[in-house]
Amino acid sequence: MKTFEELGIAPKIWSAIQEMGFEQPMPVQEEVIPQMLANTRDIIALAQTGTGKTAAFGLPVIQKTDTKLKAPQTLILSPTRELCLQIAGDLIDYSKNIDDIKILPVYGGSSINSQIKALKRGVHVIVATPGRLIDLINRNTVSLDNVHSIVLDEADEMLQMGFTDSIDEILSHVPDTRSMLLFSATMPKEIEKITRKYMKTPMEIIIGRKNEGAQNVSHSYYMVNARDKYLALKRVVDYYPNIYGIVFCRTRKETQEIADQLMNDGYNADTIHGDLSQAQRDLVMGKFRNRNLQILVATDVAARGIDVDDITHVINYGLPDEFEVYAHRSGRTGRVGKTGASISIIHLRERGKVKQIEKMINKKFEHKQLPKGDDICEKQLFNFVDQLEKVKVNDEEISRLLPSIFKKLDWLQKEDVIKRIVSLEFNRLIEYYQAAEEIEEPTDRGSRSDRDDRSARSDRGRDRDRRRDGGRDEGPRRAERGYTRFFINLGTMDGANPGSLMGFINDYVPGKVRIGRIDLMKNFSFFEVPEESTRQVLGSFNDVFIEGRKLVVEVAGESSNNEKRNSRPKTGKKPSYSSPKKGRRR
């Protein structure tokens with residue numbers, strides 16, 4: 001393996017990256033850097049996210065810059081604002097020992113006037129998102145006449161986001177003599193069209209194999225029934241106490257619902273999706289990058305440009321339809337030589353997708369069984385013990401308090417103190433998994449869970465038929481053993497989902513109550529609580545009205561006939577009820 005000096009990197013740049021912790025070049029850097037320094041005209045580099053691509057093109061870009069020429073010489077295009085800022089920040093770090101070099105990130109969502117002022121003062125390297133750069137070109141505030149190098153980073157992502165026409169427009173303003181470097185994780189047909197149109201006999205550099213998954217990432221899946229997917233997600237997250245990961249969902253609605261449920265169940269989670277403003281996205285991403293969030297729930301579009309090196313797990317809450325998308329998802333972990341895991345929670349109909357993805361990325365998926373409750377509790381407990389052993393004790397700060405604490409706990413033996421510490425931290429988790437049924441894996445013949453799903457759908461159909469005239473019988477489903485089944489006249493038409501309904505109930509019931517199974521209907525729902533909480537729940541919803549409609553909460557089957565279940569408020573508005581509280585309840 002060569003050193004950066006042997007690749008031709010200048011001493012000033014080499015000293016800067018040494019301070020950043022760079023030691024030996026990564027494979028993509030070893031291949032790309034000499035070609036760019038030798039002015040190879042056109043290069044296609046196929047490499048996964050997190051393999052050191054930014055330094056591969058960034059170091060030679062800086063070295064080839066003529067700081068005396070106050071004009072853009074290199075143009076780097078990226079698909080998202082986040083990636084644009086990340087690239088620009090890295091280039092600024094690499095060039096900190098180079099006098100007078102100017103690197104400018106150009107992106108939407110920020111003041112265009114400040115970007116115009118910076119361009120007028122003179123810049124050497126522009127890192128841009130396509131939309132904002134075209135806006136500046138149309139205003140005649142940027143000239144690309146002196147650009148000799150163009151880099152398209154994550155080109156496949158740009159094409160998937162619909163930037164083909166924008167790239168055409170930008171390249172029409174760049175000299176024909178320019179060189180072009182195209183970085184992509186996958187090689188779809190659209191990329192091949194760009195290479196034929198804009199490149200002349202390009203050199204192809206492939207790290208691994210075409211469309212291959214990241215080398216340091218393991219791939220596995222859990223097979224569950226659709227109704228058990230969220231419970232399976234909780235088990236996976238609980239089984240990895242130190243998880244720092246992204247959960248990918250298919251839609252904005254699903255993303256928000258899953259994030260809400262996780263937060264309501266006490267997990268350190270949040271979400272990014274297309275309905276959030278840029279300020280909201282920046283806030284969430286700031287918390288995630290600073291590790292103030294443990295789990296980020298995201299759509300594929302919103303997650304583009306996320307550049308975080310230490311992600312331990314990617315969880316696919318169902319597989320994407322486009323297999324290239326899976327490669328991008330899994331590429332968020334196992335970056336910069338670290339290991340990572342890509343876990344998929346799927347149902348029977350997605351099993352064929354697993355085979356196709358395996359073929360595309362040249363990796364085998366491991367079919368795993370969901371962790372048992374006892375295994376999860378054991379792993380959490382031993383992780384806690386490890387943290388207890390390694391915790392840094394600040395003697396100076398706590399020494400004045402210790403005599404009083406020792407006196408207070410003097411009557412307890414060491415074993416009693418340990419038991420109390422463990423119980424204080426884990427009683428809820430242990431109780432949850434003691435009461436939780438194990439999740440069955442579906443089979444082709446149809447497992448008991450499959451039959452239960454079909455039975456539940458049939459039961460709910462009969463329930464709807466019975467209740468069109470406002471009847472109040474509980475329907476054929478019985479409560480789980482040890483639980484009481486309640487009816488509530490709030491349903492999906494009122495905006496209810498499991499997380500918000502749990503939060504609403506706990507807003508009214510003092511002291512919190514554990515909630516079991518929830519069945520959501522259009523105009524009403526059922527929920528179950530432990531039998532010992534029955535009176536507590538019944539006594540908490542007397543004379544509650546929501547926008548003119550009386551709230552009805554009663555034991556299923558014990559109905560009076562005073563009000564109809566399906567009655568709507570006279571205003572015709574959706575009832576509003578409080579959002580779920582973020583109590584820790586697993």
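What you are looking at is a predicted structure, and each value in this text was computed from that prediction instead of being measured.
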ask   = Do Y317 side-chain atoms and Y230 backbone N/O form a donor-acceptor pair below 3.5 Å?
value = yes
task = Compute the ring centroids of Y240 and H313, then answer whether they are less than 6.0 Å apart.
result = yes
ask   = Going from CZ on R291 to OH on Y244, what distance comes out if it is rounded to the nearest 0.5 angstrom?
value = 5.5 Å
request  = Kindly give the heavy-atom pair with the smallest separation between V325 and P320, and that separation in Å.
outcome  = CG1-CB, 3.8 Å
query = From S533 OG over to I515 CD1, what is the distance, rounded to the nearest 0.5 angstrom?
reply = 9.5 Å
message = Closer than 3.5 angstrom, by distance alone: can the side chain of Q280 be matched with the main-chain N or O of S277 as a donor-acceptor pair?
response = yes
Within the 6.0 Å centroid threshold, strictly below: F487 and F527 = no
ask   = Do any N or O atoms from the side chain of E350 and from the backbone of H347 form a donor-acceptor pair under 3.5 angstrom?
value = yes
key: Heavy-atom side-chain proximity of Y198 to L182 below 4.5 angstrom   = no
message = Determine whether the aromatic ring centres of residues H219 and Y326 are separated by less than 6.0 angstrom.
response = yes
message = Could you walk me through whether N497 and D260 satisfy the side-chain hydrogen bond (donor to acceptor under 3.5 Å, both in side chains) test, starting with their C-alpha distance in whole Å, then the side-chain angles of each, then the deciding distance to 0.1 Å, before giving a yes or no?
response = CA-CA 9 Å; N497 61 51; D260 286 345; 4.7 Å; no
inquiry  = Given 3.5 Å as the limit, does a donor-acceptor pair link the side chain of N316 with the main chain of F248, or not?
reply    = no
task = For a side chain to side chain donor-acceptor pair (under 3.5 Å) with D300, tell me which candidate from H273, R250, R329 qualifies.
result = R329
query = Can you name the closest pair of heavy atoms from M158 and P130 and give their distance?
reply = SD-CG, 4.1 Å
ask   = Minimum heavy-atom separation for T255 to T271, with atom names?
value = CG2-OG1, 2.8 Å
ask   = OG1/T80 to OH/Y107 distance, rounded to the nearest 0.5 angstrom?
value = 12.0 Å
request  = Quick one: closest heavy-atom pair of M199 and I43, and the distance?
outcome  = CE-O, 3.5 Å
request  = Measure from the side-chain N and O atoms of T312 to the backbone N and O of I243, and report whether any donor-acceptor pair falls under 3.5 Å.
outcome  = no
request  = State whether a side-chain donor-acceptor pair under 3.5 Å links Y267 with D238.
outcome  = yes
ask   = How far apart are the closest heavy atoms of E441 and K368, and which atoms are they?
value = OE1-O, 4.4 Å
inquiry  = As an exercise, state the distance from CG of D270 to CG of L283, rounded to the nearest 0.5 Å.
reply    = 8.0 Å
ask   = Just how far is it from atom CG of L152 to atom CD1 of I44, taken to the nearest 0.5 Å?
value = 11.0 Å
remark   = Heavy-atom nearest pair, L520 first then S525, reads CD2-OG, 3.2 Å
ask   = Would the F426 and F384 ring centres measure less than 6.0 Å apart?
value = yes
inquiry  = Measuring from atom CD of Q29 to atom OG1 of T54, what distance do you get when rounded to the nearest 0.5 angstrom?
reply    = 9.0 Å
